[in-house]
Amino acid sequence: MAILEVKNVGKRFGGLQALNNVNLSVAENSCHAIIGPNGAGKSTLLNCLVGKLIPDTGSVMFDGQSVLGRKPYEINQMGISRVFQTPEIFGDLTVMENMMIPCFAKRDGAFELNAITSVTSQRDVVEKAEHMLEDMNLIDKRGMHAASMSRGDKRRLEIAMCLAQDPRLLLLDEPTAGMARADTNNTIDLLKRIKDERDITIAIIEHDMHVVFSLAERITVLAQGTPLVEDTPEKIKGHPKVREAYLGESQDAA
Amino acid sequence: MFGTAKRDTALLIIVAILTLFAPFLLNPFPAGSAMAQFNAGYPDLMQRFVIFGIFAIGFNILFGLTGYLSFGHAAFLGVGSYAVVWMYKLLDYNIIWGLPLAIVISGVFALMIGFISLRRSGIYFSILTLAFAQMMFAISYSDLLGRFFGTTITNGETGLQVYRSDPQVLIDSWESVPHLLGLVEMRSTYTMRLGDWSFDFNAGYYFCAVIMLLTFYLAIRIFRSPFGMMLRAVKSNQQRMNYTGLNTRPYALAAFVISGMYAGLAGGLMAAMDPLAGAERMQWTASGEVVLMTILGGAGTLIGPVLGAGFIKYFENIFSKINDNVLHSWFAFLPDGIEDFMVVIVHPFVGKGWHLTLGLMFMLVVIFLPGGLVEGGQRIARLFRRKNARNDAPDGSKTPAE
Ligand SMILES: Nc1ncnc2c1ncn2[C@@H]1O[C@H](COP(=O)(O)OP(=O)(O)O)[C@@H](O)[C@H]1O
Ligand SMILES: [Mg+2]
């Protein structure tokens, strides 16, 4: 069953048709990769899913409900979490505080005037956040300001923050871009583990073919705002159109 | 204790002790001595210290935590004052009626102004708050609303005050000045003389001081609460908040309303000390002053705004009173030529020039201590710690928002 159903989505920026008639169906508890050259419209597509952009045409259904016209926080509360291309964390807050915020959002919803009790007295949230940090190997850094962490740690923290909300759909936008090989491999292992341990659907945009072929069960190739093909990794590897449009270029880049 | 962490409890107790003994601490010089100029322990000024402390503590909940810089908070100060004076006019001089009303009404105003202003952020938010405050100033100054309804609401440029013809339905024959429940008049002062020294213990000051301690305690609770953490998240990264399922708007609005209520309470206390309310209390310079206080002391820190308020009020009231005669008496021990020279040098920085001194200080703090006076204090403390315990491992962990 498809948890995410994108139908005929189009988005135009001035003279540029960034997305053109995009159809995409992501099966529940699968990992779906979206690949394509720079400027293909991959991030724009994600923006249309999370309420950052409203598509000009088409529909986006999540678990049978339309996400169009809803605010980003409402869409998140429906169960979609997003990891950004450049880590979006609370840089001025400590790692532990970063981790607690999504736990509060999960427990208390979009707004709660919880102004008199102290944060540390909320044992359930503190324990959950500590548990997540331990799981991500970040517990030693709990008192650190998030902005002063390494890029790899920031990425892991951001993924952990998204997971703390127990999302049904996790969207990742080039999670390994700019990462060293070792960090990339760690991220692959982490995502594999998440897939195994949770009932979660993952949609990932990625340039690194190693990452894509390690994780994805299905791949959509996007070029100039239109899906070129959608198939299993094996088929995609051998697809002549894909080799021509994308893989050749990416192999050079990698 | 009090449900706060040890450090916060310690801070609260220190502040409580300092405010309690302020009449002594602020009057360290014998009356009549050359240094008596620097004594700040008279009722009027002490009241202003704590009232502006409340104003700044509240402002800091908005600006220090969420980063939204309001340039219109003096409007709530004015609303609070008008509310209290109106209760004098309608009921009697008991301040217990007016103060809760001041908080409620300024909260309602803050809700409306915040709701509209928070549709924008950054400089546009600041301009919107400034515009609202200036409108309210203009309306109060000309009593536009009052004229519209054919009555008096703010009494225009004269300012709102109590007249004999006012209803004052609860008034008793002995009442002529603001008092608390008939127990004590706000102006009553006990002066204690110890040798050459004299210390003033004023009922109004202690009333305001107790309220300041309560609001300070409340601010600590807010800072350490999940809500306070969300406010800091608003300042840090609104995008991440939105994509974490959190609605930033009501968080910022709640902070705006809370800080507006603090301002209303401060304004109410001003009228509780002195039964007058004027439109000038709403002017943009007053809004700017609380911004300066908060930044000077350390925005986002607990004690910073109180320090900033104290500093600025001290400068305003003490430095502004130093004239050339005083300067001559200070430098009298120098040879005549040098004495005159020193007076000429110092002259621009005192008396009417106190703004210049304050401006320079503000510049120095912003450039060298972006965290305000609190950061200065922390640096000094760190220096001492390092000297005292060279072999101790350096304390790397930083607790934000002290
Ligand atoms: N907000 C925007 N306004 C105008 N043009 C945009 C905007 N977002 C993306 N674009 C353009 O749309 C195209 C697709 O961008 P994007 O979705 O970021 O590509 P990518 O596949 O590399 O993630 C690019 O040409 C980009 O310049
Ligand atoms: Mg992109």
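Letters go in sequence order (proteins before strands), and every chain restarts at 1. Excluded from the calculations below are hydrogen atoms, water molecules and symmetry mates; all remaining heavy atoms, backbone and side chain alike, are included.
The contact between B/Met241 and chain A is made by backbone and side chain atoms together, counting heavy-atom distances below 4.5 Å. Residue A/Met161 touches chain B through its side chain alone, counting heavy-atom pairs closer than 4.5 Å. With a 4.5 Å cut-off on non-hydrogen atoms, B/Ala233 touches chain A through its backbone and its side chain both. Only the side chain of B/Leu218 has a heavy atom closer than 4.5 Å to any heavy atom of chain A. Using a 4.5 Å cut-off between heavy atoms, A/Ile89 touches chain B through its backbone atoms (N, CA, C, O) alone. Of the atoms belonging to A/Lys106, not a single heavy atom falls under 4.5 Å from chain B.
Among A/Ser118, A/Ala146, A/Ala115, the residue with the largest count of heavy-atom pairs under 4.5 Å with chain B is A/Ala115. Put simply, of A/Val125, A/Ile80, A/Thr120, A/Ile101, the one with the most heavy-atom pairs under 4.5 Å next to chain B is A/Ile101. Ranking B/Leu231, B/Ile222, B/Asn237 against chain A, the residue ahead of the rest is B/Asn237, based on heavy-atom pairs under 4.5 Å. Among A/Tyr73, A/Phe104, A/Phe84, the residue with the largest count of heavy-atom pairs under 4.5 Å with chain B is A/Tyr73.
Here the two rings, on B/Tyr68 and B/Phe256, have centers that are 6.0 Å apart or farther.
Crowding of B/Ile367 atom CD1: a count of heavy atoms from other residues, nucleotides or ligands under 6.0 Å exceeding 12. Counting heavy-atom neighbours within 6.0 Å of A/Phe62 CZ, excluding the residue itself, gives a total above 12.
A/Lys71 and A/Glu74 are not joined by a salt bridge, as no carboxylate oxygen comes within less than 4.0 angstrom of a charged side-chain nitrogen.
No side-chain donor from either of A/Thr201 and A/Glu28 sits under 3.5 Å from a side-chain acceptor of the other.
In this structure, B/Arg386 fails the cation-pi test against B/Phe384, since its NZ or CZ atom is not both closer than 6.0 Å to the six-membered ring centre and inside 45 degrees of the ring normal.
Checked by atom type and distance alone, the side chain of B/Ser236 never pairs as donor or acceptor with a backbone atom of B/Arg232 at under 3.5 Å.
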